[in-house]
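Accompanying notes for the structure given below.
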Amino acid sequence: MPATKAYGAHSATTPLVPLTIERREPHPHDVQIEIKYCGVCHSDLHTVRNEWHNAIYPCVPGHEIVGIVTAVGSHVKKFKVGDKAAVGCLVDSCRECDNCKDGLEQYCHQGPTGTYCAPDKISGGHTHGGYSKGIVVHEDFVLHIADNLPLDAAAPLLCAGITTYSPLRHWKVGKGTRVGILGLGGLGHMGVKLAAAMGAEVTMLSHTPSKEKDAKRLGAHKFVLTSDEAQVKSVMGYFDFILDTVSADHDYNFYLGLLRTSGVMVCVGAPSAPATVPAFNLIFGRKSIAGSLIGGLPETQEMLDFCAEHNIVSDIELIRMDQINEAYERLLKSDVKYRFVIDMSTL
Ligand code: NAP
Ligand code: ZN
Ligand code: ZN
C-alpha cells in the first residue's frame, strides 16, 4: 500500500488536515495492518504543536493503533492475514544493546524509533503514525490482542495502558499499597483501573470536581479534589506511590507533600516547562521523584494479556477523523471521557 490516506499537520500552528503518505511494501519480516481504530494521546497534541521541540512535518500522529493484518512478509511467523494486531509507540530499535536485550526497547541506547515524527532508518524519511488507513511494521514491534477485548476500546491500552502499567509493576504496587493517581484523563483512568486490579488502595487526585463519580466507578476508593484545602490536608503524608499523569505545568512540590516517608512519585505526564524541586522536599522523608517512559515490547504484551484476563479496556469517546481538531481543544480543557478513539473507517 504505497500511497495511504492519512491526517496530519503541516506546521505547529495549523490544524490537522487530510493528506497522503507513503508506506513501504512489506519486507520479509513486516506486517501490513489495515488500521481500524487509533487512540488520541495528549502526546499527539504536544508533538503536533511542537511543544517538545521534536516535531517533523508533515506530522501524522497516532500511537494507539489496532487493526487487521492484510499482508505479511515471507519470513513472518507471529502473524497471518486476518489476525487482529496492534502497534504502540515504537516501531524499531537496535535490538543489540543491553536494554533492547532486556526487553526495554523504549530505553534503547541508540534511541528507539518512535511510531511517528522520528527519523526512519528504513525509508530514510520520518515515521508516520496511526491517523491513517494502514501501517507497515516489523513483526517484532507488532502485538497480539485477545479476542475478548473490543478493538476500539482496546486501542488506548497501547500507550495509556502500558505507560501506567509499567511503573505500577516496576515499583511493585499491589495489595497494601496506597496509590494516588494524579489527573483523570487518558492515562489517569487507565492508572486507576490497573492499580485497582493489582489490589492497591487507589485515590484519585483531580482538579475537576465533576469527575468524582466517574473516578469511583472506574475503581478509585477515594477522591481528593486538589483545589480543596481540607481534602488535601486529609491525605498529607499518606501515599506510598503517586503516579503523576498531568499534561499541563504544575508544582511537583505540592504533591511531594502527600507522600509518606520513603514514598515515590513517578512522573509520566510530560509538561514542556522545567520544574523546580528543592532538595529539602526530598531529604525530609527520604522521598523520591522518578520518571517512566511507556514500556518495552514484552511488557506491553504482558499488559495486553493482563487486561484480557481482567477484562480491562479504556472508556472511550469514538470520534470521526474530521473531529480531531475539536478533540484536541477538548483535551486542553481536561474534557474527555476518558480517551478519544478515531474510527478510521471515517477517513
Ligand atoms: P489527558 O487525557 O489530557 O489527561 C491529562 C489530565 O491532567 C487531565 O484530564 C486533568 O485531569 C489533568 N490536568 C490537566 N491540566 C491540569 C492542570 N492545569 N492542573 C492539574 N491537572 C491538570 O492526557 P493523557 O493523554 O492522559 O496524557 C497525560 C500526559 O502524559 C501528557 O503530558 C502526555 O504527553 C504524557 N504521556 C507520557 C507518556 C510516557 O511515556 N511517560 C506516555 C503517554 C503520555 P483532572 O481533570 O482529573 O485534574
Ligand atoms: Zn501516548
Ligand atoms: Zn537498543
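Numbering of residues begins at 1 and proceeds along the displayed sequence. Quick note: numbers below take in every heavy atom, side chains included, and nothing from hydrogens, waters or symmetry partners. Order of listing sets the numbers, starting from 1, for every ligand and every atom in it. None of the values given here were measured: they were computed from a predicted structure.
Set against the non-hydrogen atoms of Leu331, the atoms of ligand 1 under 4.0 Å away are 2 (O), 3 (O). Of all atoms in ligand 1, listed by their number and element, those nearer than 4.0 Å to a heavy atom of Gly183 are 11 (O), 47 (O). For ligand 1, the atoms sitting less than 4.0 Å from at least one non-hydrogen atom of Lys211 are 9 (O), 11 (O), 45 (P), 46 (O), 47 (O), numbered in the order shown with element in parentheses. Each of the following atoms of ligand 1 lies closer than 4.0 Å to a heavy atom of Thr245: 5 (C), 28 (C), 29 (C). Those atoms of ligand 1 that come under 4.0 Å of a heavy atom in Ala248, given as number and element, are 15 (N), 16 (C), 17 (C), 18 (N). Every atom of ligand 1 with a heavy atom of Ser206 under 4.0 Å away is listed here by number and element: 45 (P), 46 (O), 47 (O), 48 (O).
In terms of protein heavy atoms, atom 4 (O) of ligand 1 is closest to Gly185 CA, 3.4 Å. Distance from atom 48 (O) of ligand 1 to its nearest protein heavy atom, with residue and atom name: His207 ND1, 2.5 Å. In terms of protein heavy-atom proximity, atom 11 (O) of ligand 1 is nearest to Leu184 N, 3.1 Å. Nearest protein heavy-atom contact of atom 26 (O) of ligand 1 is Leu187 N, 2.8 Å. In this structure, the protein non-hydrogen atom closest to atom 43 (C) of ligand 1 is Cys159 SG, 3.3 Å.
Take the Zn ion (ligand 2) and draw a sphere of radius 2.8 Å; the protein N/O/S atoms inside it number 3.
One finds an angle of 100° at the Zn ion (ligand 3) between SG on Cys94 and SG on Cys108, to the nearest 10 degrees. Here the Zn ion (ligand 3) is the vertex; the SG atom in Cys97 and the SG atom in Cys100 give an angle of 110° (to 10°).
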(message) side chain to side chain donor-acceptor pair (under 3.5 Å), that's the test. Do Tyr238 and Lys222 meet it? Break it down for me.
(response) CA-CA 12 Å; Tyr238 184 78; Lys222 297 183 193 178; 2.7 Å; yes
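Looking only at distances, a side-chain donor or acceptor of Asp240 sits under 3.5 Å from a matching main-chain atom of Arg178.
Ligand 1 has a nitrogen or oxygen under 3.5 angstrom from a nitrogen or oxygen of Val268. Note: no N/O pair closer than 3.5 Å links Tyr338 and ligand 1 by distance alone. Between Gly186 and ligand 1, at least one N/O pair is under 3.5 Å apart.
No heavy atom of Ala160 sits closer than 4.0 Å to any atom of ligand 1. Judged by the shortest distance from any of its heavy atoms, Trp52 lies inside the 4.0 Å radius around the atoms of ligand 1.
Of the candidates Ser334, Gly88, Ser43, it is Ser43 that places a heavy atom closest to atom 36 (N) of ligand 1. Between Glu51, Gln106, His42, it is His42 that holds the heavy atom closest to atom 1 (P) of ligand 1.
With Phe306 as the aromatic partner, Arg169 meets the cation-pi criteria of under 6.0 angstrom to the ring centre and within 45 degrees of the ring axis.
Between His126 and Tyr116, a ring centre-to-centre spacing not shorter than 6.0 Å is recorded.
Residue contacts with ligand 1 for Thr163 involve side-chain atoms from C-beta outward but no N, CA, C or O (heavy atoms, distance under 4.0 Å).
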